[in-house]
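Throughout, protein chains are lettered first and strands after them, A, B, ... in sequence-line order, and every chain is numbered starting at 1.
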There are 2 protein chains.
Amino acid sequence: MKRNTWQREAVRDALTESEGFVSAQALHTALRDAGSAIGLATVYRALADLAGTGDADSLQQDGESLFRACTPDSHHHHLICRNCGTTVEIKADAVEEWAKNVAAEHGFTEPHHIVDVFGLCPACSST
Amino acid sequence: MKRNTWQREAVRDALTESEGFVSAQALHTALRDAGSAIGLATVYRALADLAGTGDADSLQQDGESLFRACTPDSHHHHLICRNCGTTVEIKADAVEEWAKNVAAEHGFTEPHHIVDVFGLCPACSST
DNA sequence: ACTCTATTGATAACGAATCTCATTACCGCT
DNA sequence: AGCGGTAATGAGATTCGTTATCAATAGAGT
């Protein structure tokens, strides 16, 4: 049975409050700085849960996993500022179709895809 | 000045011979098993060089970097079997355009993008 | 309240990747 | 062909993100 703990809520809230993608370690540090006594392992576990249930999206950059609270039950991609992490959710049905077709054309089944666009957001571009 | 060593050649050859994406460690093990006395650090260095010059593409999966010899000077994406690693190179100008436009629409500059499709290749699908 | 057990958290363990630095060997030069 | 400087190598140590361990804690149904 799954239990509700204040730790899980804290991680969920912290994720929701952050602008873009954040690392597990950064989240943990932020929570500790905010006075919480949450453990690092718990942050990792909570994030894995959120990613598993679809309440958070994750991506890998420089060998570390970054997470972000996302609108659930809605497949989308991300436009991410590689400087400050600010993220915009992107809907791209055309890309979904394309990925599916490409896989089918080569006889590949169970297609998944990773599609992310990185760049510098307007704020970071102007500096 | 850059020197040519048999180690670099060995890594390049081993990469070229492998069907799909391979990890640095797997390549190192393969080379050692083949009788080569190459060091792990050297494999990492050679792969980084190849990726830097555009002779190899890389992607991150499960927190480790995978590499593959690729046709140089040709931007493309990959269709990868998540079971055996077999890879097909994909040209997708439509996706390039889409990524560029999406970035521009939101005022993002210097757009890069990561687009990879995973699935099970015909051989792995049938088992 | 009481029990049962999922969850927590400090720390150890793990693994990929990088760094260190003494040794090696590539390559331009004579 | 021989020499010299110097980029490259490699074994091991180190860093860093993530996961496993396990005793202690605290949800939740009764």
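- The closest side-chain heavy-atom distance from B/V95 to B/D93 is not below 4.5 Å.
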Short N/O separations, protein against nucleotides 15-18 of chain D, under 3.5 angstrom:
residue, atom, partner, partner atom, Å
D/dT18, OP1, A/S65, N, 2.6
D/dT18, OP2, A/Y44, OH, 2.8

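- Between the C1' atom of D/dA26 and the CD1 atom of A/I38 lies a distance of 15 Å, rounded to the nearest Å.
- Put simply, the side chain of B/W98 reaches to within 4.5 Å of the side chain of A/I90, judged on heavy atoms.
- Aromatic ring centres of B/H77 and B/H113 lie closer together than 6.0 Å.
- The NE2-P distance, from B/H28 to C/dA17, rounds to 13 Å in whole Å.
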Could you pull out all donor-acceptor pairs under 3.5 Å where a side-chain atom in residues 62-70 of chain B meets a protein atom, sequence neighbours excluded?
residue, atom, partner, partner atom, Å
B/S65, OG, B/Q60, NE2, 3.4
B/R68, NH1, B/E89, OE2, 3.2

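- We find that CD of B/Q61 is positioned 18 Å from P of C/dG15, with the value rounded to whole Å.
- The side-chain heavy atoms of A/V43 and A/L31, taken from C-beta on, include a pair separated by under 4.5 Å.
- Distance CD (B/Q60) to C1' (C/dA16): 11 Å, rounded to an integer number of Å.
- Taken from CZ in A/R32 to OG1 in A/T29, the straight-line distance is 9.0 Å, to the nearest 0.5 Å.
- In this structure, B/R12 atom CZ and D/dA8 atom P are separated by 14 Å, rounded to whole Å.
- For B/H78 and B/F21, the distance between ring centers is under 6.0 angstrom.
- Following chains of ILVMFWY side-chain contacts shorter than 4.5 Å, one can reach B/V115 starting from B/V88, so the two form part of one hydrophobic cluster.
- Looking at heavy-atom distances under 4.0 Å, A/R45 makes contact with a base.
- The distance between atom CG of A/D62 and atom P of C/dT18, rounded to the nearest whole Å, is 10 Å.
- Rounded to a whole Å, the CD atom of A/E9 is 18 Å from the P atom of D/dA26.
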With sugar-phosphate taken as primed atoms, P, OP1 and OP2 and all else as base, the protein-contact string of nucleotides 25-30 of chain C at under 4.0 Å (heavy atoms; B, S, -) is BBS---

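- For the pair B/T87/B/L79, no side-chain contact is recorded, criterion being any heavy-atom separation below 4.5 Å from C-beta on.
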